[in-house]
Amino acid sequence: MSSTDGLTQEQRALRDRARELAQEAAAQAAETDRSGQYPWLMVRKMAEAGFTGLTIPKEWGGPGGSVLDAALVVEEFSKACAVCGRIAVEANMGAVGAIMAYGTEAQKKLAAGLVLAGDKPAICITEPEAGSAATEMATTAERRGDRWIINGRKTWITGGGVSRLHLIFARVVEDGAFKGIGGFLVVRDEAGKPEGLIVSRRIPSLGLCGMPEAELEFSELEVADDMVLRAPGGWQRGFGRLIDAYNGQRVGAATVALGLAAGAYEHAVGRANARSQFGRPIAEFQGLGWMLADMSIEVEAARALVHRAARSAGPAGFPDRLAAAQAKVFASEMAIRVTNGALQVWGAAGYSKDNPMERYLRDARMFAIAGGTAQVLRTQVAEQILGRKLPQTRDGFLRIIAEEGAVGKLAAD
Ligand SMILES: CC(C)(COP(=O)(O)OP(=O)(O)OC[C@H]1O[C@@H](n2cnc3c(N)ncnc32)[C@H](O)[C@@H]1OP(=O)(O)O)[C@@H](O)C(=O)NCCC(=O)NCCSC(=O)CCS(=O)O
Ligand SMILES: Cc1cc2nc3c(=O)[nH]c(=O)nc-3n(C[C@H](O)[C@H](O)[C@H](O)COP(=O)(O)OP(=O)(O)OC[C@H]3O[C@@H](n4cnc5c(N)ncnc54)[C@H](O)[C@@H]3O)c2cc1C
């Protein structure tokens with residue numbers, strides 16, 4: 001990274017510390033990938049070094065780092081081991097960001113204690129029949145006295161079976177009526193309790209193999225009223241406020257993609273200089289030089305978008321939704337191109353599991369899907385730049401016409 005990176009001395013020092021520990025992550029990344037085991041030992045070291053809970057405010061025992069600080073750490077770990085990079089994302093952004101913004105004192109204390117000790121919270125939104133159309137979720141949280149009873153199923157929950165803190169999105173039912181979407185906090189203990197939170201299946205995945213992706217079932221799962229995460233604006237606005245907090249995790253996902261691409265690119269430059277054919281370093285062949293040049297441009301462009309999005313975070317710690325979506329679309333698709341090109345530079349050796357190049361390529365594939373697909377996020381970008389709601393359901397525009405008497409101008413907040 002150049003000296004025009006706009007980082008403070010402290011941020012460079014933080015990045016360098018992360019880079020140093022990430023060397024250990026690099027050394028175990030192939031084994032994590034092969035075994036599919038969560039890298040508990042690395043997680044402990046990351047927690048001890050202060051890379052989990054980095055964004056926790058000082059009053060809750062953390063260092064009060066910014067989203068950009070967290071992104072610097074995430075990029076370094078992702079260059080080495082993207083599973084560790086994703087752990088750094090969720091231990092600093094997403095669910096924990098929502099809790100720090102909207103939670104009660106007790107909820108903040110609970111979440112801070114868990115992530116500072118190395119927990120990677122799980123965010124539970126997606127369901128078998130509600131992926132991109134997340135607001136169509138069917139999981140319900142029904143009020144019964146001073147408790148809430150959750151029933152339903154979630155899928156592709158990152159960390160299912162290893163995460164302790166869970167932020168569960170569910171349809172709120174009070175007095176028999178649907179009120180909106182709310183967030184419910186559940187802590188799974190080491191014995192796997194509460195019993196109503198069932199990790200029913202680990203989903204075999206293409207990449208990021210040390211990170212469990214799981215199906216969860218909630219069967220009469222009881223949640224005390226003081227574990228409801230109440231965002232401002234009431235239940236009707238609940239989904240909007242919770243997904244606003246999720247913009248932090250979108251920037252985090254974009255950063256993992258960036259780190260993967262940057263890591264693969266560095267390996268490609270090294271290989272191009274080290275390998276000779278036709279009696280000369282392959283780096284001298286213009287065909288490869290231009291490929292590497294394009295990769296460097298793409299990586300720098302993604303980094304600029306990621307840092308811009310991270311810097312856009314307001315007082316609540318949530319990045320701007322447009323900047324987050326732009327960074328995520330570009331970084332996720334760029335990572336697929338760059339990791340693919342880097343493997344090409346390595347030739348057959350890149351195709352072998354003896355080298356990390358094929359892992360980079362597999363690991364990079366998810367970011368254009370998870371956390372909002374590239375297609376869905378392009379629609380979000382379009383909505384923001386056009387200043388218009390662009391409903392995706394068949395009757396969406398009819399509803400806007402009925403409600404507003406005109407086609408979808410976004411109301412100024
Ligand atoms: C938002 C969508 C689910 C589309 O659903 P709808 O058409 O029903 O919703 P909208 O009317 O567009 O929005 C409802 C509500 O939310 C507010 N909103 C939406 N997006 C944002 C945002 N990015 N930032 C802030 N606020 C947002 C919107 O203004 C409305 O607010 P009000 O109710 O008016 O106040 C769909 O577009 C979508 O985002 N789908 C993707 C789902 C997704 O990202 N899932 C992630 C699951 S977790 C994960 O994958 C983790 C992977 S990882 O490793 O990080
Ligand atoms: C590795 C991984 C980790 C994940 N982690 C989590 C997690 O921790 N928590 C969680 O809740 N979820 C998680 N997810 C789920 C993820 O958020 C969803 O996969 C994602 O939102 C897309 O949903 P879907 O897979 O059901 O695809 P679908 O919504 O079924 O989409 C299928 C295809 O249709 C396209 N499409 C759908 N709607 C539109 C539209 N309106 N316009 C244009 N194209 C459209 C999509 O872009 C996609 O190409 C994870 C997924 C993966 C792969």
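Both counts, for ligands and for their atoms, begin at 1 and track the order of listing.
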Judged by non-hydrogen atoms, does Glu136 sit under 4.0 Å from ligand 1?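 No heavy atom of Glu136 comes that close to ligand 1.
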Is any side-chain heavy atom of [X] less than 4.5 Å from a side-chain heavy atom of [Y]?
{"X": "Leu216", "Y": "Ile198", "result": "no"}
{"X": "Arg321", "Y": "Gln384", "result": "yes"}
{"X": "Gln11", "Y": "Ser66", "result": "yes"}

Answer yes when Glu48 and Arg44 have at least one side-chain N-carboxylate O distance shorter than 4.0 Å, and no when they do not.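 A salt bridge links Glu48 with Arg44.
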Ion pair Lys193/Asp189, N-O distance below 4.0 Å: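 Salt bridge between Lys193 and Asp189, a charged N being under 4.0 Å from a carboxylate O: no.
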Counting each atom of ligand 1 from 1 as listed, which ones have a heavy atom of [X] under 4.0 Å away?
{"X": "Arg241", "result": "35 (O)"}
{"X": "Phe239", "result": "1 (C), 3 (C), 14 (C), 16 (O)"}
{"X": "Lys389", "result": "10 (P), 11 (O), 12 (O)"}
{"X": "Ala134", "result": "3 (C)"}
{"X": "Arg250", "result": "23 (N), 39 (O), 41 (C), 43 (C), 44 (O)"}
{"X": "Ser132", "result": "3 (C), 36 (C), 38 (C), 40 (N), 41 (C)"}
{"X": "Ala370", "result": "50 (O), 52 (C)"}
{"X": "Thr135", "result": "5 (O), 6 (P), 8 (O)"}

Which of these passes side-chain contact (heavy atoms from CB on, under 4.5 Å) with Val43: Val83, Val162, Ile87, Asp119?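 Among Val83, Val162, Ile87, Asp119, the one meeting side-chain contact (heavy atoms from CB on, under 4.5 Å) with Val43 is Ile87.
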Can you find an N or O of [X] that's nearer than 3.5 Å to an N or O of ligand 1?
{"X": "Gly371", "result": "yes"}
{"X": "Gly372", "result": "yes"}
{"X": "Gln236", "result": "no"}
{"X": "Thr158", "result": "no"}
{"X": "Asn247", "result": "yes"}
{"X": "Thr126", "result": "no"}

To the nearest 0.5 Å, tell me how far Met227 CE sits from Arg147 CZ.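 Reported to 0.5 Å precision, the distance equals 10.5 Å.
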Tell me whether [X] at atom [atom1] has more than 12 heavy atoms from other residues, nucleotides or ligands lying less than 6.0 Å away.
{"X": "Glu31", "atom1": "CD", "result": "yes"}
{"X": "Glu195", "atom1": "CD", "result": "no"}
{"X": "Gln344", "atom1": "CD", "result": "no"}
{"X": "Arg237", "atom1": "CZ", "result": "no"}
{"X": "Tyr351", "atom1": "OH", "result": "no"}

Check salt bridge (charged side-chain N to carboxylate O under 4.0 Å, His left out) between Arg378 and all other residues, then give those that pass, not counting sequence neighbours.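 Arg378 satisfies salt bridge (charged side-chain N to carboxylate O under 4.0 Å, His left out) with Glu333 only.
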Sequence neighbours left out, what pairs pass salt bridge (Lys or Arg N to Asp or Glu O under 4.0 Å) with at least one residue falling in residues 156-172?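 Passing the test, one end in residues 156-172: no pairs.
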Check the side chains of Glu174 and Trp235 for a donor-acceptor pair under 3.5 angstrom, ignoring hydrogens and angles.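 Checked: Trp235/Glu174 side chains pair up, N/O donor to acceptor below 3.5 Å.
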Check for me whether the distance between the ring centres of Phe218 and Phe169 falls short of 6.0 Å.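 Ring-ring flag for Phe218/Phe169: false, centres at least 6.0 Å apart.
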Under 4.0 Å, heavy atoms only, figure out whether ligand 1 is touched by the backbone of Val376, its side chain, both or neither.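 Under 4.0 Å from ligand 1, Val376 contributes side-chain atoms alone.
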On a heavy-atom basis, I'd like to know which of [options] is closest to [atom].
{"atom": "atom 26 (N) of ligand 1", "options": "Arg321, Glu90, Met366", "answer": "Arg321"}
{"atom": "atom 37 (O) of ligand 1", "options": "Arg86, Gln380, Gln392, Glu383", "answer": "Gln380"}
{"atom": "atom 30 (C) of ligand 1", "options": "Gly240, Pro319, Gly94", "answer": "Gly240"}
{"atom": "atom 51 (C) of ligand 1", "options": "Trp156, Tyr246, Phe318", "answer": "Tyr246"}
{"atom": "atom 42 (C) of ligand 1", "options": "Pro391, Ala324, Gly131, Ala245", "answer": "Gly131"}

[atom]: the protein heavy-atom neighbour that sits closest, reported with distance to 0.1 Å:
{"atom": "atom 35 (O) of ligand 1", "result": "Arg237 NE, 2.5 Å"}
{"atom": "atom 53 (S) of ligand 1", "result": "Gln249 NE2, 3.6 Å"}
{"atom": "atom 19 (C) of ligand 1", "result": "Ile243 CG2, 3.6 Å"}

Less than 4.0 Å between atom 7 (O) of ligand 1 and some protein heavy atom, yes or no?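 No, there is none.
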Restricting to pairs with a member in residues 128-140, which pass side chain to side chain donor-acceptor pair (under 3.5 Å), not counting sequence neighbours?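 Found Glu127-Thr139.
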Please state whether the rings of Trp346 and His267 are parallel, tilted or perpendicular, taking 30° and 60° as the class boundaries.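 Taking His267 first and then Trp346, their aromatic rings stand perpendicular (interplane angle over 60°).
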Between ligand 2 and the protein, tabulate every N or O atom pair separated by less than 3.5 Å, reporting distance only.
from: ligand 2; atom 1: 5 (N); to: Trp156; atom 2: O; distance (Å): 2.9
from: ligand 2; atom 1: 5 (N); to: Thr158; atom 2: OG1; distance (Å): 2.7
from: ligand 2; atom 1: 8 (O); to: Thr158; atom 2: N; distance (Å): 3.0
from: ligand 2; atom 1: 8 (O); to: Thr158; atom 2: OG1; distance (Å): 3.2
from: ligand 2; atom 1: 9 (N); to: Ile123; atom 2: O; distance (Å): 2.8
from: ligand 2; atom 1: 11 (O); to: Ile125; atom 2: N; distance (Å): 2.9
from: ligand 2; atom 1: 11 (O); to: Thr126; atom 2: N; distance (Å): 2.8
from: ligand 2; atom 1: 11 (O); to: Thr126; atom 2: OG1; distance (Å): 3.1
from: ligand 2; atom 1: 12 (N); to: Thr126; atom 2: OG1; distance (Å): 2.7
from: ligand 2; atom 1: 14 (N); to: Trp156; atom 2: O; distance (Å): 3.4
from: ligand 2; atom 1: 17 (O); to: Thr126; atom 2: OG1; distance (Å): 3.4
from: ligand 2; atom 1: 23 (O); to: Ser132; atom 2: N; distance (Å): 3.4
from: ligand 2; atom 1: 29 (O); to: Ser132; atom 2: N; distance (Å): 2.9
from: ligand 2; atom 1: 29 (O); to: Ser132; atom 2: OG; distance (Å): 2.6
from: ligand 2; atom 1: 41 (N); to: Gln392; atom 2: OE1; distance (Å): 2.8
from: ligand 2; atom 1: 47 (O); to: Thr373; atom 2: OG1; distance (Å): 2.7
from: ligand 2; atom 1: 47 (O); to: Gln375; atom 2: OE1; distance (Å): 2.7

